[in-house]
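This report refers to the structure that appears directly beneath it.
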Amino acid sequence: MSKQLRITLVKSLIGVTEKHRRVVVGLGLHRTNHTVERPDTLEIRGMVNKVPYLLRWEELS
């Protein structure tokens, strides 16, 4: 089984640039405290690194 990332949106998108909003929506997050699990790929890591101030994430095995 491949590694997974559990990603949670911890801050509101109010006042955030449009590009950053699109990254959050692209991760599948819709509202504050919403959590999703995504595969740990370079693409997902890049998206998380783009908006680290909005997210909390942890690695799952």
Query raised in the report: How long is the span from the CG atom in L9 to the CZ atom in R56, to the nearest 0.5 Å?
Result: 10.0 Å
Query raised in the report: Are V36 and V24 in one and the same hydrophobic cluster, where Ile, Leu, Val, Met, Phe, Trp and Tyr link if side-chain heavy atoms are under 4.5 Å apart?
Result: yes
Query - Straight-line distance of K50 NZ to L55 CG, nearest 0.5 Å - result: 13.0 Å
Query - Minimum-distance pair of heavy atoms, taken over all atoms of R38 and L27 - result: NE-O, 2.9 Å
Report task. Check V48, V16, V10 against L54 for a side chain to side chain contact (heavy atoms under 4.5 Å, CB included) and give me the one that passes. Result -> V16
Report summary line: d(M47 CE, L29 CG) to nearest 0.5 Å is 9.0 Å
Requested in this report: Can you see which heavy atom on H30 is nearest to which on H34, and at what distance?
Outcome: N-ND1, 3.1 Å
Requested in this report: Hey, could you give me the CD/CD1 distance between Q4 and I44, rounded to the nearest 0.5 Å?
Outcome: 10.0 Å
Query raised in the report: Could you give the distance from CD (E59) to CZ (R45), rounded to the nearest 0.5 Å?
Result: 4.5 Å
**Report entry** Hydrophobic cluster membership, L13 vs Y53, 4.5 Å side-chain cutoff
**Finding:** yes
Report task. Report the distance from atom OG1 of T32 to atom CD1 of I14, rounding to the nearest 0.5 Å. Result -> 8.0 Å
Query raised in the report: Counting heavy atoms not belonging to R22, are there more than 12 under 6.0 Å from its CZ?
Result: no
